[in-house]
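In what follows, every chain begins at residue 1, and chains take the letters A, B, ... in the order their sequences are listed. These figures come from a predicted structure and were not determined experimentally.
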Amino acid sequence: MMPHGNARGPAAGIRIKLLRGILPALAMIAPAGLTGCAYEQSIWNAHGPAARSIGTLSWAMTILFLAATAVMWALFIIAFYRRRGTLDEHEPITAGGGETWIAVGGIAIPLIVLTTLFVAGLDMMGEFPIHGAPGLPSEAQMSATSMKPEILIIGHQWWWEIHYLNDDPAKEFVTADELHLPAGRRVNIEVKTADVMHSLWIPALNGKVDMIPGQPNYIRIIASHPGIYQGQCAEFCGIQHAHMRLLAVVQNLDQYEAWLAAQRLPGAKPTTPAAVEGEHVFLTSQCANCHTVRGTSANGEFAPDLTHIGSRRMLAADIFPNNDAYLEAWITNAQSLKLGAQMPSLPNFSGTQLSDMVAYLRQLK
Amino acid sequence: MNRRWGAVLALVSACGFCLALAACNGGSNAASYSIATGGNAQRGRQLIDSYGCGACHIVPGIRMARGMVGPPLFDFGERTIIAGELPNTPGNLERWIENPKAIEPNNAMPDLGVTQQQATDMAAYLYTLRSDRGGQ
């Protein structure tokens with residue numbers, strides 16, 4: 001039992017000491033945690049003008065909010081040490097006063113800060129021409145002027161269908177999950193969805209743009225220099241939402257043009273015996289119902305176009321490296337790698353059939 | 001009181017720092033010593049990761065290696081038979097990793113182009129997987 005007349009017993013004393021130790025320690029650890037993992041997918045790793053202005057705004061917000069937090073902690077600590085007496089001193093404790101604090105700290109400062117951020121955010125949204133919003137270009141203007149999209153991205157559960165548009169329909173083609181962009185030039189992208197809402201977000205290049213059923217949206221991306229950047233679906237879209245990623249490959253103009261030209265070609269004809277056999281298995285099994293390989297009888301439209309699967313870096317929406325091991329595992333047991341994906345596990349293939357199909361798909365460069 | 005304050009601070013900081021570091025490498029450490037094969041287990045661990053063995057196998061200690069196509073490789077160092085037919089010796093294991101189709105032509109394990117030295121290193125890592133080594 002606590003001795004009478006002393007509200008601060010020994011237990012309370014230990015708790016306070018612990019608190020005094022832990023709080024500064026936490027403050028020291030937090031920045032270490034933030035800087036511990038540096039990788040491409042960050043708003044503070046900008047590689048384009050839109051992303052840079054977003055990064056600047058978020059730095060400003062972070063510093064502002066850290067400053068506000070520091071002030072709040074300072075006030076808390078002052079209140080902690082400036083006690084109004086103990087119970088046994090029988091001092092009257094008045095609850096009044098402090099209206100100025102509430103008016104300034106609770107109303108005026110938040111109003112100023114939030115209004116400033118809102119205006120800055122609105123200004124930045126000029127970087128995101130969203131069709132349909134008041135005062136922004138109509139769909140007709142979008143296609144008639146420089147707003148005309150050259151890439152169409154359609155979100156699926158859980159991958160990205162990417163159309164490279166062209167005035168000449170013979171030059172159009174479809175690919176998946178690997179978005180190639182030219183460096184130093186603006187690219188207008190139209191986004192749609194085939195099922196639920198998704199959101200396209202490549203933090204190094206621009207902000208998020210939602211893919212809304214029945215409402216095409218547009219985003220303009222300028223990538224300042226070549227590189228490979230991670231993208232991510234930013235709108236919860238089902239159990240594999242976190243595994244709906246995108247690889248953005250920014251290339252010099254000539255490399256980009258060469259890539260476009262290569263992607264327009266039909267799928268490579270197999271030459272090795274294993275690849276020839278693999279093509280036969282591919283075309284005569286379930287694969288062709290959902291997948292397309294241009295130049296063959298496989299023309300399914302439910303699943304990613306595999307015409308140049310061998311040239312892609314990653315599998316399953318930028319989740320697994322596109323190597324022989326993962327390609328084979330993906331064919332035979334996709335559900336073990338990405339549970340719930342539309343790609344079924346296909347346990348009907350023998351070991352030889354699997355390696356033949358891998359040989360075929362790998363040479364589809 | 002100051003000393004206790006300092007001790008708490010140091011302890012919590014140290015824990016936090018370790019967590020921050022561990023978050024980046026998957027939190028696992030292969031034994032760096034070599035067993036039986038003469039290979040380098042640490043290098044083997046990296047090779048198992050980069051060749052994508054985890055696409056098909058559960059490999060303890062490898063990030064994302066949770067495959068459900070082939071057999072799990074728990075306690076591999078204690079297995080007696082590999083590929084369903086060969087004694088689990090370093091020589092057999094290395095041959096199996098290098099060119100599984102040469103041993104079982106119709107099996108699904110792909111020939112990934114692993115070199116002999118790489119197979120030796122990968123085998124060295126697999127032999128560190130034992131129930132008596134901290135449950136790896």
So, the part of A:Y326 with a heavy atom under 4.5 Å from chain B: the answer is both

For atom CD of B:Q116, is the number of surrounding heavy atoms from other residues, nucleotides or ligands below 6.0 Å larger than 12?
no

With a cut-off of 6.0 Å (strictly less than), are more than 12 heavy atoms of other residues, nucleotides or ligands near CE of A:M72?
no

Determine whether more than 12 heavy atoms belonging to other residues, nucleotides or ligands lie under 6.0 Å from atom CD of A:Q342.
no

Taking everything shown except A:H280 itself, do over 12 heavy atoms lie less than 6.0 Å from its NE2?
no

Let me know if A:N323 has heavy atoms under 4.5 Å from chain B in its side chain, its backbone, both or neither.
side chain

With rounding to the nearest 0.5 Å, note down the distance linking CD1 in A:I319 to CE in B:M64.
7.0 Å

Please report the shortest heavy-atom distance between A:A325 and B:L112, naming the atom on each side.
N-CD2, 3.8 Å

How about residues 302-309 of chain A versus chain B: which residues have heavy atoms under 4.5 Å apart?
none

Should we say atom CE of A:M314 is surrounded by more than 12 heavy atoms from elsewhere, each under 6.0 Å from it?
yes

Those residues of residues 101-111 of chain B that come under 4.5 Å of chain A on a heavy-atom basis, listed by number, are B:K101, B:P105, B:N106, B:N107, B:A108, B:M109, B:P110, B:D111

